[in-house]
**Q** 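Take a look at this one; I'll ask things after.
These numbers come from the heavy atoms of this one structure, side chains and all, not from hydrogens, waters or symmetry mates.
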Amino acid sequence: MDFWSRLLAHTPLSSASSRKDFAKDPARRLHRFEKEYSQLLHTWRHSSNLAHDDEAAEQIEIRLQELTSLLSDESRRPLPHPCISFAAAKQVYIPVAKIATSSYNEWIIKEAVLFFATLIESEEEAFVENDNFSGSLTNLLVRITGANSIRLSAEIEARIVELAFNITTKIRLNPEILPAWFKSHHHGLHDAKHVDDHDKFTGKTQKQDFPLFYLLMDYIHHEGKVGDFARTGLLYIIEAASSSVLLEQWIVESDLSTLMATGLGALYSQLSRKLVIDHPSNEVPPCLALSDYEHPKSNYEIVSSCSSEFLSHVDTFLSHLLFWQDVLNHCKSVEVKSTLLEHFQVIFLQQLLYPSLLESSDVDGGSSVAVLTYLRRILESVDHPDMINLILHYLLALPDVVSPAPADSGDIVSAARKRKSLDLATMMASKSEEAADPLLFNLVDLIRACLRSQNHQTVHVTLQLVSTILKRHHRYAVTTLLDTEGVLDESHHRTAGAQAQEIDYLMALAGTIGGDDTFNELYENLLRDTLGRVENHPCSTPLITPKTSTNNHQLPAVPDSLPSAPRSVRSHTLRPEDPLLNIMLDRLETFFTNPVETNLCLTEAVIDLAVCGYMHLEGWFLRSPQSYHFDEDDEEDEELPLPDPSLDPESQEYAEYVQMQQLKECRRRPKWNQSSLPRLLKVLQLLCDQVEAYREQVPRFDDLLQQRREAFQIADHAPPIPTPSRARTPSSQAPTVAGTPSIEKGMFDEARNPSRERPSGLEVFAQRILSELGTPSRSGSPRGRKETRRVASERVVPMNDATLLRTPNPNRSFSPTSVASAPAPISWDNRGDILNSQAKAFQAIDQSILARRIGIPEVKPPVEPITLSYDRKPAIVSADSAEGGEDASDDAEGEGEGGGEDALLAPSEDGETDAGTIVEEKTVSVSHVLTNVVLLQSFLFEMASVVQVRAGLFDEVRYT
């Protein structure tokens, strides 16, 4: 019929061209819009129940699609827009909302939401300012998302929340439309005189005051786009409270703070109470793959840190925590912010976080690992100073500072907050059990106890937590976690001669470990990375920022709004008897048998102690200037000529002479006395001596150590690695520890941050490294190795392996038989097979050496000269003490001769140790020791770079 009608009317047969002409005509658009709207109403009114009338529901869905399409197309065309004007004049949205709420049909609801979204996006006829429009849309959203509604799909929920977000965007841009969406029913609350006692105490708020607000609150915990829209929309509403006193009061009295705090607590409670730190089997970092690392066991109760479910729960919790931070950043109302922080402390900190720390234990399978990991992630994620201050001030049991009470101004918002605080205090007082108090056991006690734990995973995560506090929140650690003392003048600084001597000493220690001589490029890159790390420390800003003001040289303090925040950090140094430092040094003494992860975190924590610009290194990291002693006959520099006696002491020439004399004095190197060294340097010297002992005990130690360095370099440049690695020099570069990007944030940093680990399985990686390395050429020592190391590698060789491990002539190939006798003539045809067989034989020998179990070698202390005093009277001893002295001397001789196990035990009279049990010596594989030796050498280079960078950046070296 349509064909003949068009033919008789001489109209084009193309439907596309007719629709295009139809869309251009406003009158025809309006006619079609009215027709579709009439059909919609007709179908709805003649259907008794849309939920059971599928045909009517389908027709309504089609009519809504047509109406939305007409409105969307018209909004993109030039004026006039008769359809949009018709929708506003006839209030088309009212029956559309009623149809959607009564249909219980998911598709009709979807089309209705799109219809309202199109009207809002048109930005015409002031829909968002219309009370009838806001009432219809609010009723629709509340009904379709309520408990009695049908279950909606994720797509429709996303459209609903996006629609609510668009409304909050309009409110943010134009606060004058807020009254259309927010209507407070507490008319008497605007006048404090008319508030009765019950309202003062409860401060109840009904949801119908601001339904849009609570709609967004229901979705802030969702993941993905829905949660993002809900959280951002809620931020816009809170931000709008600064322009509306009534809304500010309403937010304070509402249960926003309670819902946010309990929601955060619920997400924290979903996290596993027991955790083990693990890596996927195909993503084990190279430094762990080439060690004695074993995957920890997990079950239904003990969760692995790399499981997808655990990572999802942690991400959800941290996203909600960051939402707290965003709310505080966007909130311009002091009263709203204070209410939120108060509920955060009382409900989350006091009731959940601190009790979980207090109840943690190593015995029950990793609860300490879990809670310490969660606390570290919280401190790494949060940047808002008030939230950080609440967390650390409470957990570290810092003293409260009572601020002066402000005068009662009768402000209705302040009165509302007082009622909310009273309500919260009443709720806490109603609980029967007494809350735990950090004054009895705080975070410092927990950290020290966990660092002494026998569980290496507990030690690992505790060191990570310590590093986080030192790097990001150092001012909270100065008086709590660390035992420090103030430094008042520059006399505590080291001299120029001592500075050069300390760096030379650290570089010499690193040199005794061996390796290639071309460490210059490595150290230069390390200096740049250390410089960036020191500059990025939060305490370095006031020290290195140029003074832009000539009148005021004080930089603004950290903008904390809470009065209990600690003061800014001042110049200080670490006491040598600091408990945390000595616990860390105790762990450092067993460096070679420690797990690699523990050593990575241990060295990082030591460097984090030293990078703060206000922390002086003298006394604990370097020698104290008070211990400097100089040789009187030191004539390294020529004496300065004496000044002319006729010179005036007040003259410029005499001042220059004095300055030159002081400069010469500061350039003198103090006498190196082992007893004056801090314990850190003594431990490092001990570790280097143990490396020498390993070199004598382990065959081909230097060759295997060089192979380990090259294995790390191959892992860094392996093609399957997706993430770019830092630039490395040739095989001279060893991986660095505890650093910043580039040199330090390479392979080793991946063990600290599992999200950046490079995929390499334990077994697969080891086999690939061995295949790529091939067989050692046996051509002497590695490239550029010191001659002393070549000699040291041949000191002690087992008799049965002597012919296999002797260093050959580098100009010819090597095989086990070629040492014993001259090589037989070899044809070119079978030469490759012979070389392959030799390679397999040498590889088997290396594997047997790497698999050997060894412990910490005994290092004899250096013999110091005995000072004889001929004037001293002989001591009178009793027979008992004489016998004890003989026993002691016998024990000393036995220890010197036997060493080993007897030297590790300190038996009492009954033959047992002080603890009543015999302690067995811990052994690890040679492969594990080699990896830790590489870490040690990198740590020594990094320590030297810290000393050098600080000297130039903070002007710590005295020249006069």
Side-chain angles (χ1 to χ4, degrees), residues 501-515 519 582 584-594 596 598-599 602-603 606 621-623 672-706 708-709 734 737 781 785-797 852-865 892 895-906 921-926 928-944:
Q501 194 177 31
E502 308 278 5
I503 295 179
D504 290 346
Y505 177 70
L506 292 173
M507 299 293 284
L509 289 180
T512 59
I513 296 178
F519 284 115
N582 284 279
M584 293 167 60
L585 294 181
D586 291 340
R587 293 287 178 183
L588 195 64
E589 288 181 343
T590 58
F591 190 86
F592 298 116
T593 57
N594 289 341
V596 173
T598 300
N599 286 339
L602 181 62
T603 53
V606 173
F621 197 90
L622 304 175
R623 293 173 299 171
W672 192 265
N673 189 357
Q674 195 73 17
S675 62
S676 65
L677 299 181
R679 187 187 174 192
L680 174 60
L681 296 183
K682 292 180 180 179
V683 172
L684 294 176
Q685 177 66 64
L686 174 64
L687 295 179
C688 292
D689 293 340
Q690 291 175 357
V691 173
E692 287 294 333
Y694 282 131
R695 182 173 286 110
E696 296 178 359
Q697 296 177 6
V698 178
R700 298 189 58 253
F701 180 84
D702 286 322
D703 291 333
L704 295 175
L705 184 61
Q706 184 63 24
R708 182 56 44 89
R709 293 191 185 96
V737 189
S781 60
R785 183 167 302 157
K786 296 181 179 180
E787 187 67 25
T788 56
R789 294 291 156 253
R790 293 200 297 267
V791 177
S793 63
E794 301 173 1
R795 290 178 183 174
V796 180
V797 180
R852 292 181 183 178
R853 309 291 295 185
I854 56 176
I856 298 178
E858 181 183 1
V859 177
K860 296 181 180 180
V863 180
E864 297 184 357
E895 179 178 341
E897 296 174 0
E901 186 173 302
D902 295 335
L904 294 175
L905 301 178
E921 180 184 4
K922 182 179 180 180
T923 60
V924 293
S925 67
V926 173
H928 185 89
V929 171
L930 291 174
T931 298
N932 280 330
V933 170
V934 175
L935 296 182
L936 175 63
Q937 189 176 40
S938 304
F939 178 52
L940 291 170
F941 282 128
E942 193 168 11
M943 288 183 62

**Q** Do Arg695 and Pro857 touch side chain to side chain, with heavy atoms closer than 4.5 Å?
**A**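 No - every pair of side-chain heavy atoms lies 4.5 Å or more apart.
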**Q** Could you give the distance from CD (Gln690) to CD (Gln697), rounded to the nearest 0.5 Å?
**A**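 Answer for the CD-CD pair, Gln690 versus Gln697, is 10.0 Å.
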**Q** Say you draw a straight line from CG of Leu506 to CD of Glu502; how long is it, rounded to the nearest 0.5 Å?
**A**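 Going from the CG atom of Leu506 to the CD atom of Glu502 covers 7.0 Å.
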**Q** Between the side chain of Lys922 and the main-chain N/O of Thr593, is any donor-acceptor distance below 3.5 Å?
**A**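 Present.
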**Q** Working to the nearest 0.5 angstrom, can you tell me the gap between Leu602 CG and Leu935 CG?
**A**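 Between Leu602 CG and Leu935 CG, I get 11.0 Å after rounding to 0.5 Å.
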**Q** So Leu681 and Phe621, do their side chains get closer than 4.5 Å, heavy atoms only?
**A**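 The answer is no, as the side chains (C-beta and beyond) never meet within the 4.5 Å cut-off.
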**Q** Please name all residues satisfying salt bridge (Lys or Arg N to Asp or Glu O under 4.0 Å) with Arg587, sequence neighbours left out, ordered by chain then number.
**A**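 For Arg587 there are no salt bridge (Lys or Arg N to Asp or Glu O under 4.0 Å) partners, ignoring immediate neighbours.
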**Q** Apply side chain to side chain contact (heavy atoms under 4.5 Å, CB included) to Thr603 and Leu936, showing your working.
**A** CA-CA 9 Å; Thr603 53; Leu936 175 63; over 6 Å; no
**Q** Is a side-chain N or O of Gln937 found less than 3.5 angstrom from the main chain of Ile513, in a donor-acceptor match?
**A**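 Such a contact is absent between Gln937 side chain and Ile513 backbone.
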**Q** Among Val934, Ile856, Ile854, find the one that has a side chain to side chain contact (heavy atoms under 4.5 Å, CB included) with Val929.
**A**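 That would be Ile854; it is the only one of Val934, Ile856, Ile854 passing the side chain to side chain contact (heavy atoms under 4.5 Å, CB included) with Val929.
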**Q** Would you mind reporting whether Val926 and Tyr694 have side-chain heavy atoms less than 4.5 Å apart?
**A**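 A side-chain contact is absent here, since even the closest heavy-atom pair is not under 4.5 Å.
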**Q** Step by step, would you call Leu622 with Tyr505 a side chain to side chain contact (heavy atoms under 4.5 Å, CB included)?
**A** CA-CA 11 Å; Leu622 304 175; Tyr505 177 70; over 6 Å; no
**Q** Hydrogens and angles aside, do Gln706 and Asp702 bring a side-chain donor and acceptor to less than 3.5 Å of each other?
**A**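 Their side chains do not contain a donor-acceptor pair, so the 3.5 Å distance test is not met.
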**Q** Quick one: list whatever passes salt bridge (Lys or Arg N to Asp or Glu O under 4.0 Å) with Arg853, sequence neighbours left out.
**A**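 Only Asp292 meet the salt bridge (Lys or Arg N to Asp or Glu O under 4.0 Å) criterion with Arg853.
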**Q** Shortest non-hydrogen contact from Cys688 to Leu940?
**A**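 Where Cys688 meets Leu940 most closely, the heavy atoms are SG-CD1, 3.9 Å.
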**Q** Less than 4.5 Å apart, side chain to side chain, heavy atoms only: is that true for Arg679 and Leu684?
**A**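 Heavy-atom side-chain distance check fails, nothing below 4.5 Å.
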**Q** Taking all non-hydrogen atoms of both residues, which atom of Met507 and which atom of Ala944 are closest, and how far apart?
**A**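 Shortest heavy-atom contact: SD-CB, 3.9 Å.
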**Q** I'd like to check Leu680 versus Met943 (side-chain heavy atoms, cut-off strictly below 4.5 Å). Are they in contact?
**A**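 Yes, close enough: below the 4.5 Å cut-off.
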**Q** Please find the pair of heavy atoms, one from Val924 and one from Phe592, that lie closest to each other, and give the distance.
**A**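 For Val924 and Phe592, the tightest heavy-atom pair comes out as CG2-O, 3.8 Å.
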**Q** For the CH2 atom of Trp672 and the CZ atom of Arg623, what is their distance to the nearest 0.5 Å?
**A**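 Going from the CH2 atom of Trp672 to the CZ atom of Arg623 covers 4.5 Å.
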**Q** For Phe939 and Phe591, I'd like to know if the aromatic rings sit close, meaning centre-to-centre distance below 6.0 Å.
**A**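 For Phe939 and Phe591, the ring centres are not under 6.0 Å apart.
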**Q** Checking Thr590 against Asn594: is there a side-chain donor and acceptor pair closer than 3.5 Å?
**A**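 The criterion, which ignores hydrogens and geometry beyond distance, is satisfied for Thr590 and Asn594.
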**Q** Within a strict 4.5 Å, meaning less than it, do heavy atoms of the Asp504 and Gln501 side chains meet?
**A**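 No; the side chains remain at least 4.5 Å from each other.
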